[in-house]
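Working notes for the structure below.
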Amino acid sequence: MNVNHELTGPEGAPVVVLSNSLGTDMRLWDEQVPALTGRFRVLRYDQRGHGGTEGKPGPYTLAQLGGDVLELMDRLNISEAHFAGVSLGGMTGMWLAEHAPERIDRLALICTSADLGGTAWLDRAATVRANGMSAMVEPSLPRWFTPAAAERPDVRAKFGDMITRADAEGYAGCCEAIAGMDILDGLSGITAPTLVIAGAEDPATPPSHAERIAAGVAGARVEVLSPAAHLANAEQPEAVNRLLLEHFGGAA
């Protein structure tokens, strides 16, 4: 895979990998990068079919999405890293922590779930293959942000653009990866210190999903932010930045 990515921050510093959610791209992390690059080497990338990463014909699996990360880390000579992921990015992180634990130092999971599969994702994949990505703009924004944030023109422009720029086949393939996800039973094997962040107003992965992850991962802790819906790192950037810096060991 030719994975579109950006590597910034001081050379030789510990690496943090940032993984985007379904329908977004690396711009999802615009508010985190300036805070993290003061202390970390930050690698953000686009999931398959999102942003500048090609969308090969699906369906995909979480193993393939996790493999893309490992391949990218190998190419950049990164032996291990901290990892933060939102939604699909968090699912990717859990897969990595379960199947390549030697590569993941600390794990931060934002607005995600270990058990979100089902046939509804196959229906969504069929919808975007038939109608294109523009069909996903209006259904997505009210789930990603609380009402006041979702109506802001800058939010609608930035995140609407991410959705419409995504490749329909790549997006559909990622939907199919979620439909077939199988990471719940492996949570007990995760040894990376884990932070789970939830948005109190998140309709897609409400705080109960974060609590279920924390119940399965030894020593994991949960932080619930409000007001915040599904993209809590975009809606509550200062709070998420503080939590990430503390968790990854970069806080003063």
Side-chain angles (χ1 to χ4, degrees), residues 3-6 8 17-36 42 44-55 65 84-93 108-113 116 120-121 124-125 127-129 131-175 177-178 197-206 209 225-241 243-244:
V3 176
N4 186 50
H5 66 279
E6 174 189 87
T8 54
V17 177
L18 303 177
S19 183
N20 60 289
S21 62
L22 182 70
T24 67
D25 57 41
M26 68 168 67
R27 289 176 288 169
L28 173 64
W29 299 101
D30 282 350
E31 300 300 321
Q32 279 66 59
V33 171
L36 292 173
V42 177
R44 57 176 172 170
Y45 75 98
D46 292 327
Q47 295 268 19
R48 289 187 179 205
H50 293 68
T53 299
E54 62 185 318
L65 301 183
V86 177
S87 193
L88 175 63
M91 297 169 193
T92 305
L109 306 171
I110 303 172
C111 298
T112 191
S113 175
L116 202 65
W121 294 102
R124 188 185 298 192
T127 296
V128 298
R129 286 189 172 112
N131 302 319
M133 288 306 301
S134 61
M136 294 309 304
V137 174
E138 292 306 321
S140 298
L141 294 180
R143 296 174 66 80
W144 288 359
F145 297 95
T146 58
E151 292 304 317
R152 282 171 40 191
D154 59 326
V155 169
R156 294 187 62 84
K158 179 177 182 176
F159 288 88
D161 182 66
M162 291 187 203
I163 295 170
T164 56
R165 284 179 179 267
D167 176 77
E169 179 60 28
Y171 181 99
C174 288
C175 288
I178 297 173
I197 300 174
E201 291 78 29
D202 182 359
T205 54
H209 287 256
L225 303 179
S226 182
H230 194 51
L231 301 186
N233 68 307
E235 189 159 2
Q236 291 277 3
E238 292 184 2
V240 170
N241 292 349
L243 290 169
L244 292 179

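Source: prediction; values computed, not measured.
Taken to the nearest 0.5 Å, the OG1 atom of Thr127 stands 11.0 Å off from the CE atom of Met133. Atoms CD and CG, on Gln236 and Leu243 in that order, are 10.0 Å from each other to the nearest 0.5 Å.
Nearest approach of Ala125 to Cys175, heavy atoms of both residues: CB-CB, 4.1 Å. Closest approach of Leu231 and Leu28 over heavy atoms only: CD1-CD1, 4.0 Å. A pairwise comparison of heavy atoms in Val3 and Asp46 identifies CG1-O, 3.8 Å as the closest pair. When all heavy atoms of Gly90 and Leu109 are compared, the closest pair comes out as O-CD2, 3.5 Å. In this structure, Trp121 and Leu116 approach most closely via the heavy-atom pair NE1-O, 2.7 Å. The two residues Ala232 and Val240 make their nearest non-hydrogen contact at O-CG2, 3.8 Å.
Qualifying side chain to side chain donor-acceptor pair (under 3.5 Å) partners for Asp167, counting only residues two or more places apart in sequence or in other chains: none. By the salt bridge (charged side-chain N to carboxylate O under 4.0 Å, His left out) test, Asp202 pairs with no residue at all, sequence neighbours left out. Residues satisfying the salt bridge (charged side-chain N to carboxylate O under 4.0 Å, His left out) criterion with Arg152, sequence neighbours excluded, are Asp154. By the salt bridge (charged side-chain N to carboxylate O under 4.0 Å, His left out) test, Arg48 is found to be paired with Asp68, residues two or more places apart in sequence or in another chain being considered. Residues passing the side chain to side chain donor-acceptor pair (under 3.5 Å) test with Ser134, sequence neighbours excluded: none. By the side chain to side chain donor-acceptor pair (under 3.5 Å) test, Asn131 pairs with no residue at all, sequence neighbours left out. Residues forming a ring-ring contact (aromatic ring centres under 6.0 Å, His included) with Phe159 (at least two apart in sequence, or on another chain): Phe145. Not a single ring-ring contact (aromatic ring centres under 6.0 Å, His included) links Tyr45 to another residue, sequence neighbours left out. With sequence neighbours excluded, no residue forms a salt bridge (charged side-chain N to carboxylate O under 4.0 Å, His left out) with Glu31. Every side chain to side chain contact (heavy atoms under 4.5 Å, CB included) that Ser87 has, sequence neighbours left out, goes to Ser21, His230. In this view, His5 satisfies the side chain to side chain donor-acceptor pair (under 3.5 Å) rule with no residue, not counting sequence neighbours.
For His50 (side chain) and Ala166 (main-chain N/O), no donor-acceptor pair under 3.5 Å exists by modelled atom type.
Looking at Leu88 and Thr24, their side chains never come closer than 4.5 Å, going by heavy atoms from C-beta outward. Using a 4.5 Å heavy-atom cutoff, the side chains of Leu65 and Met91 are not in contact. In this structure the side chain of Asp161 reaches within 4.5 angstrom of the side chain of Arg27, judged on heavy atoms. Residues Asn241 and Gln32 form a side-chain contact, since some pair of their non-hydrogen atoms from C-beta on lies under 4.5 Å apart. Side-chain contact between Ile163 and Tyr171 is absent, with no heavy-atom pair separated by less than 4.5 Å. The closest side-chain heavy-atom distance from Asn4 to Asp25 is not below 4.5 Å.
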Name the atoms and distances for all side-chain donor-acceptor pairs under 3.5 Å in residues 135-144, with sequence neighbours left out.
residue : atom : partner : partner atom : Å
Glu138  : OE1  : Arg156  : NH2          : 3.3
Glu138  : OE2  : Arg156  : NH2          : 2.6
Ser140  : OG   : Met136  : O            : 2.6

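With no hydrogens or angles considered, no side-chain donor-acceptor pair links Thr53 and Gln47 at under 3.5 Å.
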* From CA spacing to verdict: side-chain contact (heavy atoms from CB on, under 4.5 Å), Arg44, Leu36 -> CA-CA 11 Å; Arg44 57 176 172 170; Leu36 292 173; over 6 Å; no
